[in-house]
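FYI, side chains are in, hydrogens and waters are out, and symmetry mates aren't considered; it's all heavy atoms of this structure.
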There are 2 protein chains.
Amino acid sequence: MSHDPLSKRRLKIWIRLLGVTRTAEGALREFLRLGHDTTLPRFDVLAALYRRRDGVTMSELSRMLLVSNGNATTVVDRLEKDGLVRRTQSDSDRRTVFVALTPEGLAQFEGLAAEHEAQVNALFSGLTEADLDTLTDILKRMGGPK
Amino acid sequence: MSHDPLSKRRLKIWIRLLGVTRTAEGALREFLRLGHDTTLPRFDVLAALYRRRDGVTMSELSRMLLVSNGNATTVVDRLEKDGLVRRTQSDSDRRTVFVALTPEGLAQFEGLAAEHEAQVNALFSGLTEADLDTLTDILKRMGGPK
DNA sequence: CAAAACAATTTCAAGTTTGAAATTTATGGG
DNA sequence: CCCATAAATTTCAAACTTGAAATTGTTTTG
């Protein structure tokens, strides 16, 4: 248990990283609210289901979004009530539930995706191609989902 | 409104950044819960008040933490009820409220800070000194508070 | 096979978070 | 001075989030 001279710097980086993330999240939340009357968690679910068009189980969904199972359940509940996603029971394992976009959900996401990407692009317009290379490499070494 | 070839890469970086942040937050949350029976938002408030030992206004606090005023109010309410922080009304402007650590709050934070730093240090042990230099530079260009 | 162990999801209570509205206090211009 | 506006905080409803417990279904194993 020796004293690591980099420890304080790693802590500072973490604080700064949190600042960047929260600021960007705030901007995206505002964009979704003002421009499209929706929220970040809803958008995240739609985006995950768009990437896996054939549907995913509830467990896969919560792993993809890095949220608890209970959380995935409630967000999907609301989206289902609004007709944007659909639940289907698995035939082979009746514990398992698949979730997928409905046509309405697909339409809503497609209407959002391009603008969302443009927002992110604008938020991080300061990053050059070289930055992106470097950052990709560093972020890989910072852990994240497996 | 031209097509930016870096746009998709910036989006990918954002997704990855969120993954790193949420994973680290999850680990820190678990550490605080299992090891110290507390939560991340509570820790964040204590840390902010530790950095500004003379006290801060509620508005300053929510700006420091990048959360809404209403959020700051409720977290401070609970910490106050537990005797870890204290509210004081300003004499010069009776709208303004100062918040500061109590001796108990100070003690709790000091008992936590070193372990918290060690956790963060372990989470990001993959970062070399050169990484830290590079990352600091890049994060500055990614916005963040102010 | 029956029981125990395991797995997927939901439910639940408590806490967190937001954004808007309400409250209280200060300030500036007529 | 008076009123409109602004500022600091709290309140509030709704949504989000977690982690633990409960439910239901599957698998393993004695």
Could you go through nucleotides 22-25 of chain C and list every protein N or O atom that sits under 3.5 Å from one of its N or O atoms, giving the distance for each pair?
from, atom 1, to, atom 2, distance (Å)
C:dT25, O2, B:R95, NH1, 3.3

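A:R22 comes within 4.0 angstrom of nothing in the nucleic acid, heavy atoms only. Base contact: A:T73 has a heavy atom under 4.0 Å from a base atom. Looking at heavy-atom distances under 4.0 Å, A:S59 makes contact with sugar-phosphate atoms alone, never a base. Note on B:T96: only backbone sugar-phosphate atoms sit closer than 4.0 angstrom, heavy atoms only; bases stay farther off.
Comparing B:N71 and A:D91 along DNA chain D, the residue whose closest nucleotide (by nearest heavy atom) sits nearer the 5' end is B:N71. Place B:L66 and A:V97 on DNA chain C by their nearest nucleotides, and A:V97 ends up nearer the 5' end. For A:G26 and A:A72, each mapped to the nucleotide of DNA chain C holding its nearest heavy atom, the one lying further toward the 5' end belongs to A:A72.
Smallest separation of non-hydrogen atoms from A:G126 and B:R141: O-NH1, 3.5 Å. Nearest approach of B:R10 to A:L127, heavy atoms of both residues: NH2-O, 2.8 Å. Between B:V56 and B:E60 the shortest heavy-atom distance is CA-OE1, 3.5 Å.
Ion pairing of B:D44 with A:R22 is present here, as a side-chain N (NZ or NE/NH1/NH2) and a carboxylate O approach within less than 4.0 Å. Ion pairing of A:R9 with B:D133 is present here, as a side-chain N (NZ or NE/NH1/NH2) and a carboxylate O approach within less than 4.0 Å. Ion pair A:R87/A:D77 flagged as a salt bridge, since at least one NZ, NE, NH1 or NH2 atom sits closer than 4.0 Å to an Asp/Glu carboxylate oxygen. Salt bridge A:E80/A:R86: absent, no basic N to carboxylate O contact under 4.0 Å.
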Could you walk me through whether B:F43 and B:H36 satisfy the ring pair (Phe, Tyr, Trp, His ring centres under 6.0 Å) test, starting with their C-alpha distance in whole Å, then the side-chain angles of each, then the deciding distance to 0.1 Å, before giving a yes or no? CA-CA 10 Å; B:F43 178 84; B:H36 300 278; 9.1 Å; no
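B:R78 places its CZ atom 17 Å from the P atom of C:dA13, with the value rounded to the nearest Å. Straight-line distance from the CG atom of B:L65 to the P atom of C:dT16: 13 Å, rounded to whole Å. The interatomic distance linking B:D77 (CG) with C:dT16 (P) rounds to 11 Å, in whole Å. We find that NZ of B:K81 is positioned 12 Å from P of C:dA14, with the value rounded to whole Å. C:dA8 atom P lies 11 Å from atom CZ of A:F98, rounded to whole Å. In this entry the distance linking CZ of B:R33 with C1' of C:dA13 reads 15 Å, nearest Å. Whole-Å rounding puts the A:F31 CZ to C:dT18 P distance at 19 Å. The CG atom of A:L28 sits 12 Å away from the P atom of C:dG19 (whole-angstrom rounding).
Dense packing is recorded around CZ of A:R53, with more than 12 heavy atoms of other residues, nucleotides or ligands lying under 6.0 Å away.
Shown here are the ring pair (Phe, Tyr, Trp, His ring centres under 6.0 Å) partners of B:F98, two or more places apart in sequence or in another chain: there are none.
Put simply, B:T74 has no side-chain N or O that comes within less than 4.0 Å of OP1 or OP2 on C:dG15.
Taking every nucleotide of DNA chain D with any atom under 4.0 Å from a non-hydrogen atom of chain B, the first and last of them, 5' to 3', are D:dA6 to D:dA20.
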